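Everything numeric in this text was worked out from a predicted model, so none of it was measured.
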Amino acid sequence: MHSSSRNVPSFPRSLTRMRRTVASAVGIAGIVAGTLGNAGPVRAAQPRPAPVACPASVGDRATCYTGEDGNGAYYAIAIPKKWNGSLVVHSHGGPDLGEGSDPERSVDDLDRWSVMVSEGYAWAGSSYRRGGYGTRMAAADTENLRRLFVADFGRPERTYVHGQSWGGNVAAKVVETYGRKNGPYDGALLTSGVLGGGSRGYDYRVDLRVVYQYYCRNLPRPSEPQYPLWQGLRPGSTLTTAGLRARLQECTGYASAPEERTARQQRNLADILAVTRLPERTLESHLRFSVFTFRDIVHSRLGDRNPFGNRGVWYSGSHDDAALNAGVERFSAAPDARRDLSYDSDLTGRVSIPVLTMHAIDDPTAFVEHESAYRATVDGAHRGKNVVQTFTRESEHSELSDAEYADSIAALDSWARTGNKPTPRSIASACATFDRVYGTGCFYDSAFHPKPYASHVRPRPGGLTWPAMTSAQERAWSRIDGVGIAP
């Protein structure tokens, strides 16, 4: 769920050549690995952060560092020369699907959220130890980087965790796993977050996968090896993203002007969009997720077990709903697979520190109704007093207004320092001060309240109550050997 058009300067890739080591590195990584029940082995030592040139958006306002932690996760750090003493630890979105940690991902994210550095905060972001799905793994890598920062640069006055997109899910997991009251984190900022969790947050992509195949019948084609659609893609398939786009174009003409589409393509496209309630501009990205990321979740993370289901769902909005519901592929989740995905990514709502969220009302990727799921989750855990949600009249997912990011981190910092809880209206009113600096606009709608999650995503039987995973379930599941998704 990540995209960026900025140009990022080249940073050195051969970070493992650094010779100096941190004496406490093994202990830091080991503690974090111990908190993640199924964590892998920790490396013997990790190099210290190496000074590097900052991205152009940061310039000479800060000193920047990159490195690789003891679990193999690359990271980037920036410390402003006029540091306010506080740290923002960033959890990135995605997930990226490469096998290893991407040395440039955290640098790219530093460039994207350089506004935090401009506001005087130190910034640290991890690329995670591997690609692919793993929310608890990513949360552990985020926490590991915080500890590494403390070991090298000292304990910040205050520490905040920020997550964008799937990183919002990761950061919310950091809050629940490490963010106890009077603990290492003072607050959290969740922006454009996938806050419905994994067991329900991808149901609309499950629907897309089966509805697409009903109309298009080219993924797989009748002449190709068949496989259940919950797999996303069969093992060993050589299909590329370009090949996927070609099949989508063949069926729907989505990349063509409407007048250039055949009548069949236009009807297929109209039916798919109406039934799935997806915006046309992000149809391809949602289909990619339901193919390639589902393959990662099923084959690489869950041992070919199925965590998804669509039995009991009635699809509507097409030119012939009866035929669609009679012909669409149906399946049920394997209980242990659904449990493992839920344990890894669902949220209990047990929030003990201030959490501020920001979400574009017209987010085409992580729908704004994810915020309704999060509100119901924290209210279900009786922790609603610790959450403030804000909404903007924007229509992007990957990047919102810099003035709003600056406004949000300032509001969170004030809440953490003073104990005075802000309101959506007070946050909106304060934004103009930051917009005079950044000139990117303030688009808050302080009166907006999203509709329930089930109004946008068709619920599965029994899927209307929140939290999707209760604290009692989390405790019980944590005692099962090998539960969840391995790092």
Side-chain angles (χ1 to χ4, degrees), residues 133 194 196-220 226-234 244 247-248 251-252 268-279 282-299 301-342 344-346 365-367 369-370 372-373 452-466 468-469:
Y133 204 86
V194 181
S199 73
R200 298 179 187 174
Y202 305 128
D203 281 346
Y204 60 95
R205 286 167 170 158
V206 174
D207 295 338
L208 170 62
R209 189 69 182 88
V210 298
V211 170
Y212 174 87
Q213 183 64 6
Y214 172 80
Y215 289 112
C216 299
R217 304 191 187 279
N218 65 5
L219 196 60
Q226 302 299 293
Y227 54 88
L229 297 180
W230 51 261
Q231 291 185 353
L233 195 63
R234 67 178 176 86
L244 179 66
R247 297 189 188 208
L248 178 60
C251 176
T252 68
N268 286 343
L269 181 61
D271 279 341
I272 291 169
L273 295 178
V275 173
T276 62
R277 304 165 182 170
L278 293 170
T282 52
L283 175 61
E284 182 213 328
S285 66
H286 286 297
L287 186 62
R288 276 192 279 113
F289 195 103
S290 74
V291 173
F292 297 111
T293 306
F294 278 17
R295 175 174 64 176
D296 174 78
I297 292 172
V298 170
H299 296 305
R301 312 301 158 205
L302 293 176
D304 296 323
R305 295 172 295 144
N306 174 26
F308 305 120
N310 69 335
R311 293 194 188 279
V313 175
W314 176 261
Y315 297 109
S316 61
S318 73
H319 75 278
D320 189 341
D321 289 346
L324 169 63
N325 282 278
V328 74
E329 185 173 320
R330 302 281 183 176
F331 41 81
S332 298
D336 60 345
R338 188 171 184 82
R339 175 205 66 197
D340 286 355
L341 181 59
S342 179
D344 181 76
S345 59
D346 283 345
T365 300
F367 305 125
E369 287 82 8
H370 274 273
S372 294
Y453 187 74
S455 69
H456 198 122
V457 181
R458 289 180 171 83
R460 276 51 183 162
L464 289 173
T465 59
W466 300 86
M469 174 181 66

* To do: Apply side chain to side chain contact (heavy atoms under 4.5 Å, CB included) to the pair Ser455 and Glu369, showing each step before the final yes or no.
  => CA-CA 8 Å; Ser455 69; Glu369 287 82 8; 4.1 Å; yes
* With a distance cut-off below 6.0 Å to the six-membered ring centre and an angular limit of 45° from the axis, does Arg217 pair with Tyr214 as a cation-pi contact? -> yes
* Is there a side-chain contact between Leu283 and Leu208, using heavy atoms and a 4.5 Å cut-off? -> yes
* Asked: Which heavy atom of Cys251 sits nearest a heavy atom of Asn268, and at what distance?
  -> O-ND2, 3.2 Å
* Asked: Taking all atoms of both residues into account, what is the closest heavy-atom pair of Leu302 and Ala337, and its distance?
  -> CD1-O, 4.1 Å
* To do: Supply the atom-to-atom distance Arg460 CZ to Arg311 CZ, rounded to the nearest 0.5 angstrom.
  => 12.0 Å
* Taking the side chain as every heavy atom from C-beta outward, state whether Asp340 and Arg305 have any pair of such atoms under 4.5 Å apart. => yes
* Asked: About how many Å separate OH of Tyr215 and CG of Leu269, when rounded to the nearest 0.5 Å?
  -> 11.5 Å
* To do: Answer yes or no: is there a donor N or O on one side and an acceptor on the other, between the side chain of Arg458 and the main chain of Ser316, under 3.5 Å?
  => yes
* To do: Kindly say whether Pro220 contributes a backbone atom to a donor-acceptor pair with the side chain of Gln213 at under 3.5 angstrom?
  => yes
* **Gly317 to Ala274 - nearest heavy-atom pair and separation** => O-CB, 3.4 Å
* Asked: Is a donor on one side and an acceptor on the other found under 3.5 Å between the side chain of Arg330 and the backbone of Asn310?
  -> yes
* Does Asp207 reach the side chain of Val275, with side-chain heavy atoms less than 4.5 Å apart? -> no
* To do: Report yes or no: does Tyr315 contribute a side-chain atom to a donor-acceptor pair with the main-chain N or O of Val328 at less than 3.5 Å?
  => no
* Could you pull out the closest heavy-atom pair between Gly198 and Leu341, with the gap in Å? => O-CD2, 3.6 Å
* Given Trp230, Tyr202, Phe294, the one that forms ring pair (Phe, Tyr, Trp, His ring centres under 6.0 Å) with Phe308 -> Phe294
* Asked: For the side chain of Glu329 and the backbone of Leu229, is there at least one donor-acceptor N/O pair under 3.5 Å apart?
  -> yes
* Does a side chain donor of either Asn218 or Tyr212 reach within less than 3.5 Å of an acceptor in the other side chain? -> yes
* Structure fact -> For Asp346, the side-chain contact (heavy atoms from CB on, under 4.5 Å) test, sequence neighbours excluded, returns Ser199, Ser342, Ala468, Met469
* To do: Report the distance from atom CG of Asn325 to atom CG of Asp320, rounding to the nearest 0.5 Å.
  => 9.5 Å
* Measure from the side-chain N and O atoms of Asp321 to the backbone N and O of Ser318, and report whether any donor-acceptor pair falls under 3.5 Å. => yes
* Between CD1 of Ile272 and CZ of Arg277, what distance do you get to the nearest 0.5 Å? -> 15.5 Å
* Asked: Hey, does the side chain of Asn306 reach the backbone of Val298 with a donor-acceptor pair shorter than 3.5 angstrom?
  -> no
* Once you round to the nearest 0.5 Å, how far does CG of Leu219 lie from CG of Leu244? -> 6.0 Å
* Asked: If you take all heavy atoms of Ala373 and Gly196, which pair is closest and at what distance?
  -> CB-CA, 4.0 Å
* Structure fact -> Heavy-atom closest pair (Gly201 atom, Tyr453 atom, distance to 0.1 Å) is CA-OH, 3.3 Å
* N/O donor-acceptor pair under 3.5 Å between His286 side chain and Tyr204 backbone -> no
* To do: Rounded to the nearest 0.5 Å, what's the gap from CG on Leu287 to OG1 on Thr282? Could you check?
  => 11.5 Å
* List for me each residue that meets salt bridge (charged side-chain N to carboxylate O under 4.0 Å, His left out) alongside Asp296, sequence neighbours excluded, and say none if there are none. => Arg301
* Asked: Heavy atoms, side chains only, cut-off 4.5 Å: are Asp203 and Arg200 in contact?
  -> yes
